[in-house]
Amino acid sequence: MRIKKIILYKVSIPMITSFTTSFGTITSKPTVIVKIETNKGLVGYGEAAALPFPFYKPETTDICMLVLKEYISPLVLNKEFETIEEFMNLLKPIKNHNFSKTGIENALWMVFSLKTNKSLKKLLGGTHDKIAVGESIGIKETIEETLEEVELRKTQGFRRTKIKIKPGWDIKLVKAIRKKFGNIPLMVDANSAYSLKDIKVFKELDNYDLLMIEQPLADDDIIDHSILQRQIKTPICLDESILSVEDARKAIYLKACKIINIKPGRVGGLLESKKIHDLCQKNNIGVWCGGMLETGVGRAFNIVVSSLPNYIYPADMSPVNFFYKDDLVKDSFFVDKEGFVKVPDKPGLGFEIDDRKIKKYTIEKLILR
Ligand code: OSB
Ligand code: MG
């Protein structure tokens, strides 16, 4: 198989609400949609869902456009390959840039799904027919406002609540949620905002029976996570720290976490996600799928990866219309009253791409061949 044409769309759908974490506030989130066409005329779409600024990972939306155009396209256009593994080997010279790689890798999975007439779930080896989902609640102005959102999402069926924390916005909030909602499945995500000096905060959080604490410490410090995990019983879940199956191997070896959040975008696609998933499964580390506020295109791949057997905790899967005025797919995924999303079982993305919408929200377009 060969890719004969790549089209990059930098797309910006207006946000309905901003999203605040310890690293900053997202008020607009352009994303990159990657469309590929093969020599046999098959078409696939993927999403490189980096953030517009380098506060989560160094890669940004504009960097994805640049890397896809200048470095990825020349390595892959018109090159022969038979499998995704072979395709990813073409990308080996490029260090990191996992969001960029994911954009094109996902598009290729879609092509393979169409070519073999098998659903993505089947191709990847998924076993769940539906996936459990939760919501990620950003940092708000007040505790009251946060409690209202927890309430709303609970009544909508979401199966667990994740709140973003940062120093000064942690224990009081968790305490208020426990007081009002009792023993609901609850977790926190610090996005690297703390250091080992904050051990008192974590010892205190240990009293609130949290499902997990996501990425408490620096993204490049697996050792300190290991030191912290030895001192608290709440499971540490790594997000930013895990960019590859190699990172996962080291984290597991050092006992730096008990859970891993495997987002395809952060690790470079579905194939690497599957490798991390398999390693975790062997080592009794449960996993789940986080999100990058993707459009319906990126979310479709997150749903697929979540169908793998060791994805045992609810995914961050707020519907696209929580955050955005519109979507790029027709009939986006639906969260049922019990908080489950059905995994599509037809070949292709599983959702119908709305080309008109892509056109409408495109702010930059590049055709590469
Ligand atoms: O840390 O999980 C995170 C959004 C952007 C960047 C990082 C994170 C998040 C979220 C939102 O928590 C999850 C979602 O896409 O719904
Ligand atoms: Mg996170």
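For ligands, and for the atoms within them, numbers begin at 1 and follow the listed sequence.
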Go through ligand 1 atom by atom and flag the ones less than 4.0 Å from a non-hydrogen atom of Asp189.
1 (O), 2 (O), 3 (C)
Should the heavy atoms of other residues, nucleotides or ligands under 6.0 Å from OH of Tyr253 be counted, would the total exceed 12?
no
Test Thr31 against Glu294 for side chain to side chain donor-acceptor pair (under 3.5 Å), laying out the working first.
CA-CA 8 Å; Thr31 193; Glu294 293 91 348; over 6 Å; no
Between Thr21 and ligand 1, find which residue part has any heavy-atom pair under 4.0 Å and reply side chain, backbone, both or neither.
neither
Any heavy atom of Glu240 under 4.0 Å from ligand 1? The part involved is neither
Nitrogen or oxygen of Asn191 less than 3.5 angstrom from that of ligand 1:
yes
Please list, in number order, the atoms of ligand 1 under 4.0 Å from a heavy atom of Lys263.
1 (O), 2 (O), 3 (C), 7 (C), 8 (C)
Quick check on Lys140: does its NZ atom have over 12 non-hydrogen neighbours (other residues, nucleotides or ligands) under 6.0 Å away?
yes
Can a non-hydrogen atom of Phe322 be found less than 4.0 Å from any atom of ligand 1?
no
Evaluate Tyr56 against Phe19 for ring-ring contact (aromatic ring centres under 6.0 Å, His included), listing each step before the verdict.
CA-CA 13 Å; Tyr56 169 75; Phe19 185 71; over 10 Å; no
Salt-bridged, Asp355 to Lys359, with N to O below 4.0 Å?
no
For ligand 1, indicate whether the residue Gln215 contacts it via side chain, backbone, both or neither (heavy-atom separation under 4.0 Å).
neither
Tell me, which protein residue and heavy-atom name are nearest atom 9 (C) of ligand 1, and how many Å apart are they?
Gly291 O, 3.6 Å
At distances under 2.8 Å, what protein N, O or S atoms surround the Mg ion (ligand 2)?
Asp189 OD2, Glu214 OE2, Asp239 OD2
For ligand 1, which atoms sit closer than 4.0 Å to a heavy atom of Glu214?
2 (O)
Please evaluate residues Tyr194 and Asp224 with respect to the criterion side chain to side chain donor-acceptor pair (under 3.5 Å), reporting the C-alpha separation (whole Å), side-chain torsions for both, the decisive distance (0.1 Å), and the verdict.
CA-CA 11 Å; Tyr194 298 83; Asp224 281 4; over 6 Å; no
Would you say the side-chain atoms of Ser73 pair up with the backbone N or O of Leu68, donor to acceptor, closer than 3.5 Å?
yes
Return a yes/no value for Ile26: is any of its N or O atoms, backbone included, closer than 3.5 angstrom to an N or O of ligand 1?
no
For atom 14 (C) of ligand 1, tell me which residue out of Lys164, Arg299, Glu294 has the closest non-hydrogen atom.
Arg299
Any idea which part of Lys162 is under 4.0 Å from ligand 1, heavy-atom wise: side chain, backbone, both or neither?
side chain
How about CD1 on Ile223, more than 12 heavy atoms from neighbouring residues, nucleotides or ligands closer than 6.0 Å, or not?
no
Does the distance from a Lys or Arg side-chain N to an Asp or Glu carboxylate O, for Asp327 and Lys357, drop under 4.0 Å?
no
Close N or O approach (Asp239, ligand 1; < 3.5 Å)
yes
Qualifying residue for side chain to side chain donor-acceptor pair (under 3.5 Å) with Lys164, from Thr21, Asn191, Thr146
Asn191
Main-chain N/O of Glu240 paired with Lys57 side-chain donor or acceptor, under 3.5 Å
yes
Electrostatic pair Lys154:Glu151 at N-O distance under 4.0 angstrom
no
Residue-ligand contact Met317/ligand 1, heavy atom below 4.0 Å
no
So, are Lys275 and Glu85 salt-bridged, with charged N and O less than 4.0 Å apart?
yes
Per-atom contacts of ligand 1 with Ser136, taking only distances under 4.0 Å to non-hydrogen atoms:
10 (C), 11 (C), 12 (O), 13 (C)
